[in-house]
Each structure stands twice: as C-alpha cells, then as structure tokens.
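Data first, discussion second: the structure below is written as structure tokens.
In what follows, chains carry the letters A, B, and so on, assigned in the order in which the sequence lines appear, proteins first and then strands, with residues in each chain numbered from 1. Only a predicted model underlies this, so the values are computations on that prediction, with no experimental measurement involved.
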Amino acid sequence: PEAADLRALARHLYEAYLKYFPLTKAKARAILSGKTGDNVPFVIHDMKSLMEGEQFINCKQIPVPEHHQQQHIKLLYAVELRFFQSCQSRSAEAVREVTEFAKSIPGFVDLDLNDQVTLLKYGVIEVLIIMMSPLMNKDGTLISYGQIFMTREFLKSLRKPFCQMMEPKFEFSVKFNTLELDDSDMALFLAVIILSGDRPGLLNVKPIEQLQETVLHSLELQLKLNHPDSLQLFAKLLQKMTDLRQIVTDHVHLIQLLKKTEIDMCLHPLLQEIMKDLY
Amino acid sequence: KEKHKILHQLLQNSTSPVDL
C-alpha cells in the first residue's frame, strides 16, 4: 500500500505539471529534433533575425530614453533591451505557473503562508532553470513557447553583461540533459526542490521536511521503475541541487549588476520581489 | 508581508490573475 501511495503522488504531480506548464519536455524535444513536421521554430542568430523574430515574441514596446535618440544607437539599444524586457515578462508568467504547481503539491497550502512565500522566493529560480534544460541543446535554446530557437552563439555575442547570462545555464543544461529525465520524473524533482527545508527564514521547518521526504521516496521509486538501468540516478539528481544553488546565486548577482550599470533597465516588480535580499 | 505582496497574492488567489 505504501508504494501505491507513492505512485499515486507521482501521478498527481505529473498531472499538475501537465496542467500548469504549457511546454513539456516531450514537446520541446520533438521541436528540437525536427519531428513536428512543418511546425519548425524561427531561428534567431543575429540582430537582423532578432528584429524579424520580434513579431513572435510578445514584446512590450518600451520608450527609448532621450540620450539614446541617435538613430543607429536607438535601434540596437531598443532591440536588446526590448528582448530583455520580454524575457522578464515570460519569467514573471513562469513564476505564476510554478506557484500554481506548488499549490498542487499535497500539503503545501496547509503550510504557514509566510513559509509558502519563502519556499517560492528561494525555489522558483532553481525550478525555472531546471525547466529551461529541456528547451536547450548545445547549440541554442527554444524560447517563446517553442516558437523560436535562439542560438547560443548569438546570446554569447550580446554586449556585456547580457552575454554572460545564459552561458552558465547552457553548461548546466547540457550535463543535466544527459540524465534523460522525462516529464513525469521532472514533476517530482521540481516538487523536491520547492520543498527544501533549509531555506533562510523558514518558521516551521518540520512539516516541510516531512512533505519533502514523502516526495523524495516517490521520486526514488519513480526513477527505479522508469530508469531501471540508470545506476545511481537518484543520487546524481540530488547532487544537481548543489550546482543549482550556485547558478542562482551567480544569476542574482548578474541581475544586481545589470540594475547598477543599465540605468534605463526596469526590473519586473514580481522578479524584484523575489530577488530582493535573496543571496 | 508588504515585501512580498505579489507572491502573497499569487498564493492566495487561485483564479484572479495578478497583473503581470
């Protein structure tokens, strides 16, 4: 009966994952391997294709500040910053999706509300980075719900510090993807990350640890059944959580640097809330 | 609570979307 409960939990979290996350790994891998027929993504590989591709990205027009009015500067400046703003909008939307997923974890909404906030604040960027992995390969990443493929080289060619933002995520993702998790494994792993009892400022750690332990058991069983030949997969996956924390710390420091150096950059209020006093 | 107003709203409202 205990194993049956753990399987039911895995099914429940997989269903919630499918409900709240529009682009699954299965769909992303199909797009990346060209198995979607005529439905191929638009490729952004330079500034020209970025401008052409903007119609696919839900870009909000942002005003160009006075001191960038000179025509050619204005054009490049606006494109780069507009792209960054659209990334922020998508990230904020993704935070909302992750929040809904978190609420579907059995017992999560019964936790102290302040602890729910803390778990999301510290967990959500880690979750978003894990969710980015299936969209990436060594050459680039899908964006805009799989409608666009943006090359890694193009991202590396952006001006500093924009060019430094994605490279660590590519390095992590290429390694993470070798574990070959599927969407049902991912759902459990994301729940484990969210239910981390060691986040700073938690008021009542015990119920969080109890919830996480159950999900961990469910994940361990899931991996044994779903990947019988992959030795130590559970242990390898748990080790990834340490790498993730470093990536998030570096990411937040980069955003803080951007805030200082890019005088015209405005950070989305939700992302600002999450990153304020994070690390 | 004020520091994390939007997160609180997201957690408490299941249907009404916060203006993202």
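A/Tyr279 and A/Tyr122 have their aromatic ring centers within a separation under 6.0 angstrom.
The shortest heavy-atom contact between A/Ser91 and A/Leu128 is O-CD1, 4.2 Å. The two residues A/Pro161 and A/Leu258 make their nearest non-hydrogen contact at CG-CD2, 3.7 Å.
The closest side-chain donor-acceptor pair between A/Gln116 and A/Asp112, if any, does not fall under 3.5 angstrom.
A/Glu273 places no side-chain N or O within donor-acceptor distance of the main-chain N or O of A/His268, the cut-off being under 3.5 Å. Side chain of A/Gln147 to main chain of A/Ser144: a donor-acceptor pair is present (N/O by atom type, distance under 3.5 Å, no hydrogens or angles).
Within residues 194-209 of chain A, no residue has a heavy atom under 4.5 Å from a heavy atom of chain B.
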